[in-house]
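Down below is the structure, laid out as structure tokens.
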Amino acid sequence: MYRLDPRYPPTPATRLTAGWSAVAALLPGGPATLAVDGPPATDWEALAARLAAASPVPVRTLDLRAHYAPPEQVRRRTERPEDTADPYYCRLADNPLDDLFDRVPAPQPPCEGVLLVYGPGASLVRHDLLWYADVPKRYAESAVAAGHGTNLGLPGEPGTLRRLFYLDWPMLDRHRDALAPRVDGWLDMQHPGHPVHLDGDGLRATCAALARRPVRTRPYFNSTPWGGHWAQRELGFDPTARNTALGYELIAPEAGVLIGHGPAAQAEVPFQLLCALHPEQLLGAAVHERFGTSFPIRFDYLDTVDGGNLSVHCHPQEPYMKERFGWSYTQHETYYMTVAGPDTKVYLGLREDADVDLFRKEVEEAATDGVPMDPEDHILTFPAEPGRLFLIPAGTPHASGAGNVVLEISATPYLYSLRFYDWLRPDSDGNPRALPYEHGLANLETGRRGDAVARDLVQEPRTLRSGEGWCERLLGALDEMFYEVRRTELAAGAVADDDTDERFHVLNVAAGEGAVVETAAGDLHDLAYAETLTVPAAVGAYRLRAVGERPVHVVKALVR
Ligand SMILES: O=P(O)(O)OC[C@H]1O[C@@H](O)[C@@H](O)[C@@H](O)[C@@H]1O
């Protein structure tokens, strides 16, 4: 059965500590300065108050957020002037956190007890001990979307998602990854009344072990105006949610790995720490060389069962992604159809007879005057046959229609949906969603049309390898896309051999009950229907054993 909380035990020497009084007992007897760094979304008030109250030694506090440079300075340093007029995007920030300060405070070391310096950037203050107090990014996104979250360096004002995604996160990610090799403690602050602490060496030892064995990240779903209900009904996600729309199976920059023993004794650690600390083991040397510490493939679900059509959109072409948005590789996508109805469809690519000027005019009229359009006048549709893979290179207009479950296997960037048309529907706040159609039109691929779309982007599977009761098929590959999608088809009880060949694999059970992944090192990992698993490059040889009475399909993606 699909697990909502895949969890891995820490390595034996790791000290896992839960609850404020136990965490406070870890404080040094003093005198010492403890810096606690982390993102703005951590509940810093609770942290400072609860730690001080539970501490056996006197605690003096310094809230670093009161020492940032004036807001206009922070803005000027982090955002390019040419981007300020763009309400949707800006170039990713490459600033260090020092840029938040005119001068980093230099407090006197304490004569007794603990000086607790806390807040984003706290590690920049001279300290004796360093902790990182984290909450997963989904907390920041929902707080900012709900109007009570703040942006990095701007604690006094309501935050924006634009700053959060394109300025705060890149700055915080780099900062956190640089601290990971030397933090003395990791504090999970998801439950401000019940924190969980891992000692730094234990955290690193556990990450080292996880970067060498199959590992599954914690899944979750958001809600959108097009979201459906498959993941609520079939996978057990929150039945009270408005809907289940985009399912975060493995979106590496936001994914977390649960380390611990149970719900009250677990820390959710960014998957990205595995990439930052052990890139060669996780990604493989060649992939690391090409993508740095970015895990380049993502798996997510798009659930529109009893929901609506996605917006019709495209993604930035590679040069635009690099020059305009500042990210080195772009958002090529594929849709693997997991569930579909008899008449459901996928919108993909321009019709042979599409008139781009007319398309532009209709997109503009819809956006500015609310005039409805029919995307099918310009864009092809294909039946959403289960098991079919659609390739969606950057620039290709596309959308999944209502009534489908798409397993989206894509390049990792995912925050650049350049929407053309959103069916004139409101968001949950009653307002239309952002329509960055000028960016979309600037990136629209107009060369591949009609028959070429069907020929290039809807390929017939080709058998690559086979054995007793199983075969592996290539479902789709394209010169312009850096990864490919394959499927291992196993008869009931069959066992297929595989090898990472020094590049990570990502697996998903797309049909059948499940599989067991057995590695040459002797690790076993269960993988149930709909679950997604990363097999690090360092695993080398492994086997897939089909579970259950029915045939099993395991979809696999790898860098080419
Ligand atoms: O723009 P909406 O309709 O929300 O759809 C957005 C989704 O579309 C898919 O094709 C992908 O590009 C996803 O990464 C994206 O989140």
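Whatever order the structure lists ligands and atoms in, that order sets their numbers, starting from 1.
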Where does the angle between the aromatic ring planes of [X] and [Y] fall among parallel (under 30°), tilted (30 to 60°) and perpendicular (over 60°)?
X    : Y    : answer
Y529 : W230 : perpendicular
F325 : Y320 : perpendicular
H439 : Y89  : perpendicular
F165 : W169 : tilted

Per-atom contacts of ligand 1 with [X], taking only distances under 4.0 Å to non-hydrogen atoms:
X    : answer
H313 : 5 (O), 8 (O), 9 (C), 10 (O), 11 (C), 12 (O)
Y335 : 9 (C), 10 (O)
H315 : 12 (O)
S311 : 1 (O), 2 (P), 3 (O)

Original post:
Based purely on interatomic distance, does W226 place a nitrogen or oxygen under 3.5 Å from a nitrogen or oxygen of ligand 1?
Top reply: yes
Original post:
With only distance considered, is R425 within less than 3.5 Å of ligand 1 through an N or O on each side?
Top reply: no
Original post:
Of T244, N508, T338, T532, which meets side-chain hydrogen bond (donor to acceptor under 3.5 Å, both in side chains) against Y301?
Top reply: N508
Original post:
For atom 11 (C) of ligand 1, which candidate among R298, E408, H398, R419 provides the closest heavy atom?
Top reply: E408
Original post:
Counting heavy atoms only, which of S417, S410, S400 comes nearest to atom 15 (C) of ligand 1?
Top reply: S417
Original post:
Taking M373 as the fixed residue, which of L424, V363, V312, L358 is the one that meets the side chain to side chain contact (heavy atoms under 4.5 Å, CB included) rule?
Top reply: V363
**OP:** Have a look at E531 and tell me which of M1, R216, H525 forms a side chain to side chain contact (heavy atoms under 4.5 Å, CB included) with it.
**Re:**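 Among the candidates, only R216 passes.
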Original post:
Considering only protein heavy atoms, which is closest to atom 7 (C) of ligand 1, and at what distance to one decimal place?
Top reply: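 That would be L310 CD2, 4.0 Å.
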